[in-house]
Amino acid sequence: MTPEELSKTIKESLESLVASQKLDLPEIPEIKIERPKSKDHGDFASNIALMVSKSAGKNPREVAQLLVDVLSKNPGLKKVDIAGPGFLNFTLDSASLGELAKSILEQADKYGHTKTLNNETINIEFISANPTGPLHLGHTRWAAVGDAIARVLAASGAKVVREFYINDRGAQLDKFGISICAVANNEAIPEDGYHGAYVKDLAAEIVKERPEILKLSKDKQEIEFREEGYKRQLKQQQNVLDGFRTHFDVWYSERSLHSSGAVEKGLALLKKHGHVFEHEGATWLKTTDFGDDKDRVLIKADGEYTYFASDTAYYVDKRSRGNDVNIYLLGADHHGYVNRLRAVAACAGDDPDKNVEVLIGQLVKMLKNGQEVRLSKRAGNIITLEDLVDEVGVDAARYTLTRYPVDTPLTLEIDLLTSHTNDNPVFYVQYAHARIAAVIRSAQEKGIDWQKNKFNPAALVTEQEAELLGALSEFPRIVSSAAQLRQPHRVARYLEELATAYHSFYSACRVLPLVGEPVTDETIARLVLCAATKQVVKNGLDLLGVSAPEKM
RNA sequence: GCGCCCGUAGCUCAACGGAUAGAGCAACUGGUUUCUACCCAGUAGGUUGGGGGUUCGAUUCCCUCCGGGCGCACCA
């Protein structure tokens, strides 16, 4: 019996109590099953009696007792207890609990997938770095987290579009071109330009391939260097992200918004809804109608579109492409955008609570030798995605970054991460996977075919086996809550618990028979349990974009 | 000044409004002639920043104060 089945059983019991007029309930709420922290509280628990007691007009323990009377007739339930204020604690028959292992193997890589978010089309935009330099540590956090969110959303039945917005228009890109041009001409880079070492490399590369640029006028040189630099820098970002296993469905260029007429189209829609006005020669959007602190300029007095105009058009464009929910992952330094973006949605006639979701991620700090390393693209003193990967590898980098909720500032102690990997739980989880793989290899070498032998779930009787099965049963619920809350770190934390349950099982329960001992029901059942655990660890690591090694 | 985020064990951090607030690291005590010891079992460590409130029940929700981070452009 899985938690879902138990939940359904409780619901039916409540319905029967209502039908026989033993209980008076206007409606039955969603019945949540959780796994108790303490083993004394059984395999599963529910607070349903506490939830409905008020509307039923009975005290919680009375409601619980009514439920126990019905539920205890169920053959899969060994014991149903009432505890504390009115919790229901369920202890399953060991065979009923053990069935899960087989079921997981049948579902294989689909175990954990649900239809929680069915039919929702969700667009998730993240990183969206300027194409004026390498991706830094902050971007790296979004690369890992954004991609992991996309994966849990997809696993929960959503249609997901991963999108990267390229800021290929405006002053920053011009400064980038000017900086490269200066280096190429052996001149000093302006103070507000880009000073990183990569600018020199780009300049050298471009001059080598297209020496004729240097013969152009300064104005034209700056444009050419800008365009060449942009092309190369974007390509570099794409390559790096590819190596980081973060793949986008859409790379959306800000320029294309303008060239395709999307900006005018967006503006027209906003006008239609009546929130655009003229003031002192500029065109404004009245975002204060919807909670913004001040109105925002769309077209400056000099006739130029603002960056904000691109943003509004971009939003309208995303919606026109069928995205119901638009998630934006922004750094804390951009949190001033939240009200603005929500107001844009409202001005376009949408519901900001439904169509827009802004996840604000706190910044990543890095300590080296006990001192904070300042991240600044312009200063050139930056820690890049590649730096982090070179130090700890893709697996450890992704895992570390997805292990924490994004609304807390993250401090990476590089000395700790680089010195050795003991502190990094990714290895603990991966090790569990590799360890299981070794057991299964061993079984094959001994000629034990656990797939053909009959699986007897009742052979799984120890405390450690029940604990492990309980942990396995939680996976679908964890994934779907991670998707609904947009918090992939729940998957990582879960995997650590699952790995602990496995290691504990492994120490207490010998799987393969010793020399001279026979293959029993217990051997087969434990092998099935191992295989099921291996599957779930792999499924979980996949959601984080972390590999599941067969050997370590 | 206004707004957003954060404050939990010595350190880094968890905890759909649920039961005795949990892990890892660091400290201490044990465990492997057997399937991977990158492991397991255990000890110690807390007024969840302070104070109010909401309720069967608050680390979680509301108010307030203290402390820290980040924002408040006809920049992008």
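Labels below follow one simple rule: chain letters A, B, ... track the order of the sequence lines, proteins then strands, and each chain is numbered from 1. These values consider heavy atoms only, across backbone and side chains, with no hydrogens, waters or symmetry-generated copies.
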Can you check the A:Gln362 CD to B:rG7 C1' distance for me, whole Å?
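Computing the A:Gln362:CD to B:rG7:C1' distance gives 12 Å.
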Base, sugar-phosphate, or nothing: which does A:Ala332 touch, judged by heavy atoms less than 4.0 Å apart?
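A:Ala332: backbone/sugar contact only, no base atoms under 4.0 Å.
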Assign A:Lys446 to base, sugar-phosphate, or nothing according to its heavy-atom contacts below 4.0 angstrom with the strands shown.
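Result for A:Lys446 = nothing.
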For B:rA9 and B:rA14, measure between their P atoms and round to the nearest Å.
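To the nearest whole Å, 12 Å.
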Roughly how far apart, to the nearest Å, are B:rA58 and B:rG24 at atom P?
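Comparing P positions in B:rA58 and B:rG24 gives a spacing of 28 Å.
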Residues in side-chain hydrogen bond (donor to acceptor under 3.5 Å, both in side chains) with A:Gln444, at least two apart?
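A:Gln444: no side-chain hydrogen bond (donor to acceptor under 3.5 Å, both in side chains) contacts found.
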Does A:His258 form a ring-ring contact (aromatic ring centres under 6.0 Å, His included) with A:Tyr305? I'd like the steps, not just the answer.
CA-CA 9 Å; A:His258 288 262; A:Tyr305 283 108; 5.6 Å; yes
Go ahead and name the base partner of B:rG7; Watson-Crick or wobble counts if both distances stay under 3.5 Å, otherwise write none.
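Answer to the pairing question: B:rC66, which forms a Watson-Crick or G-U pair with B:rG7.
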C1' atom, B:rG30 versus B:rA44: distance in rounded Å?
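Those two atoms are separated by 15 Å.
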Please work out if A:Arg510 contacts a base, only the sugar-phosphate, or nothing of the nucleic acid, heavy-atom cut-off 4.0 Å.
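Base, at least one base atom sits under 4.0 Å.
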Sticking with atom C1', work out how far B:rG22 lies from B:rG45, rounded to a whole angstrom.
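Straight-line distance between the two C1' atoms is 13 Å.
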Where each residue is assigned the nucleotide of RNA chain B containing its nearest heavy atom, which of A:Val511 and A:Gly281 is assigned the position nearer the 5′ end?
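Result: A:Val511.
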Take the protein atom OH of A:Tyr399 and the nucleotide atom P of B:rC13, then report the distance between them rounded to whole Å.
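To the nearest whole Å, that distance equals 16 Å.
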How far, in whole Å, is B:rC72 from B:rC40 if one measures between their P atoms?
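Taking atom P in both B:rC40 and B:rC72, they lie 47 Å apart.
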Picking from B:rU34, B:rC72, B:rA37, which would you name as closest to the side chain of A:Leu514?
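My answer, after comparing the listed nucleotides, is B:rU34.
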Indicate, with a heavy-atom threshold strictly under 4.0 Å, whether A:Glu30 touches base, sugar-phosphate, or nothing.
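Contact class for A:Glu30: none.
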Holding to side-chain contact (heavy atoms from CB on, under 4.5 Å), I want the full list of residues that pass it with A:Lys79, two or more places apart in sequence or in another chain.
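With neighbours one apart ignored, the set is A:Asp81, A:Thr91.
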Atom OH of A:Tyr428 to atom C1' of B:rC25: distance rounded to whole Å?
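In whole Å, B:rC25 C1' and A:Tyr428 OH are 14 Å from each other.
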d(CG, A:Asp293; P, B:rC72) in whole Å:
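Nearest whole value for this atom pair: 10 Å.
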May I ask which nucleotide in the shown strands pairs with B:rG71, Watson-Crick or G-U wobble, both distances under 3.5 Å?
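B:rC2 is the nucleotide pairing with B:rG71.
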Taking atom P in both B:rC66 and B:rG17, compute the distance separating them and give it to the nearest angstrom.
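29 Å, rounded to whole Å.
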Base partner of B:rU12, which must satisfy Watson-Crick or wobble distances under 3.5 Å
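Per the H-bond distance test, B:rA23.
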Round to the nearest Å and state the distance from A:Tyr506 atom OH to B:rU32 atom P.
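After rounding, the reported distance stands at 15 Å.
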Atom P, compared across B:rG49 and B:rG67: separation rounded to whole Å
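Rounded to whole Å, the distance is 16 Å.
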Could you check which of B:rC39, B:rC35, B:rU55 has an atom nearest any side-chain atom of A:Ser507?
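Closest of the options to the side chain of A:Ser507: B:rC39.
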Selection from B:rC56, B:rC40, B:rC74 that lies nearest to any side-chain heavy atom of A:Lys54:
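Ranking B:rC56, B:rC40, B:rC74 by closest atom to the A:Lys54 side chain puts B:rC56 first.
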Nearest-angstrom distance from the residue atom CD1 of A:Ile360 to C1' of B:rG3:
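Those two atoms, CD1 and C1', are 12 Å apart.
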Please state the C1' separation for the pair B:rC63 and B:rC70 - nearest whole angstrom.
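My reading of the C1' atoms in B:rC63 and B:rC70 gives 24 Å.
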A:Glu550 and A:Lys534: salt bridge (charged side-chain N to carboxylate O under 4.0 Å, His left out), yes or no, with the steps?
CA-CA 10 Å; A:Glu550 294 290 315; A:Lys534 181 167 180 275; 3.2 Å; yes
Does B:rA73 have its OP1 or OP2 closer than 4.0 Å to a side-chain nitrogen or oxygen of A:Lys294?
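Affirmative; the distance criterion is met.
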Which nucleotide, B:rC74, B:rA37, B:rC35, lies nearest any side-chain atom of A:Glu280?
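Taking heavy atoms from C-beta onward, the closest nucleotide is B:rC74.
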Residue A:Ser504, side-chain atoms from C-beta onward, closest of B:rC70, B:rA41, B:rC35
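Given the options B:rC70, B:rA41, B:rC35, the side chain of A:Ser504 is closest to B:rA41.
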With sequence neighbours left out, write down each residue that passes side-chain contact (heavy atoms from CB on, under 4.5 Å) with A:Glu463, or none if nothing qualifies.
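Testing A:Glu463 for side-chain contact (heavy atoms from CB on, under 4.5 Å), a comparison that skips the adjacent residues, returns A:Lys39.
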I'd like to know whether the aromatic ring centres of A:Tyr252 and A:Phe164 sit less than 6.0 Å apart in this structure.
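No.
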Could you tell me the Watson-Crick or G-U partner of B:rU33, where both distances fall under 3.5 Å? Say none if there is no partner.
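Pairing partner: none.
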Using the closest heavy atom to pick a nucleotide of RNA chain B for each, name whichever of A:Ala438 or A:Pro60 lands nearer the 5' end.
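Final value for this comparison: A:Ala438.
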So A:Ala434, base contact, sugar-phosphate only, or nothing? Heavy-atom distance under 4.0 Å.
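Counting heavy atoms under 4.0 Å across all strands, the contact made by A:Ala434 includes a base.
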Between P of B:rC5 and CG of A:Asn339, the distance in whole Å
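In whole Å, B:rC5 P lies 11 Å from A:Asn339 CG.
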Could you check how far CD of A:Gln430 sits from C1' of B:rU36, rounded to whole Å?
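Atom-to-atom, A:Gln430 to B:rU36, this comes out as 14 Å.
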Start with the C-alpha distance between A:Glu496 and A:Arg403, add both sets of side-chain angles, then the distance that settles salt bridge (charged side-chain N to carboxylate O under 4.0 Å, His left out), and finish with yes or no.
CA-CA 10 Å; A:Glu496 289 161 32; A:Arg403 195 173 171 256; 2.7 Å; yes
Base-contact (B) and sugar-phosphate-only (S) positions in nucleotides 14-23 of chain B, heavy-atom cut-off under 4.0 Å, - elsewhere:
SSB-BB----
Checking A:Arg526 now: which residues fulfil salt bridge (charged side-chain N to carboxylate O under 4.0 Å, His left out) with it, not counting sequence neighbours?
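So A:Arg526 forms a salt bridge (charged side-chain N to carboxylate O under 4.0 Å, His left out) with A:Glu465, A:Glu522.
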With sequence neighbours left out, write down each residue that passes side-chain hydrogen bond (donor to acceptor under 3.5 Å, both in side chains) with A:Asn47, or none if nothing qualifies.
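In terms of side-chain hydrogen bond (donor to acceptor under 3.5 Å, both in side chains), with neighbours along the sequence ignored, A:Asn47 is linked to no residue.
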Decide if atom NZ of A:Lys538 counts as having more than 12 heavy atoms of other residues, nucleotides or ligands within a radius under 6.0 Å.
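No, not enclosed.
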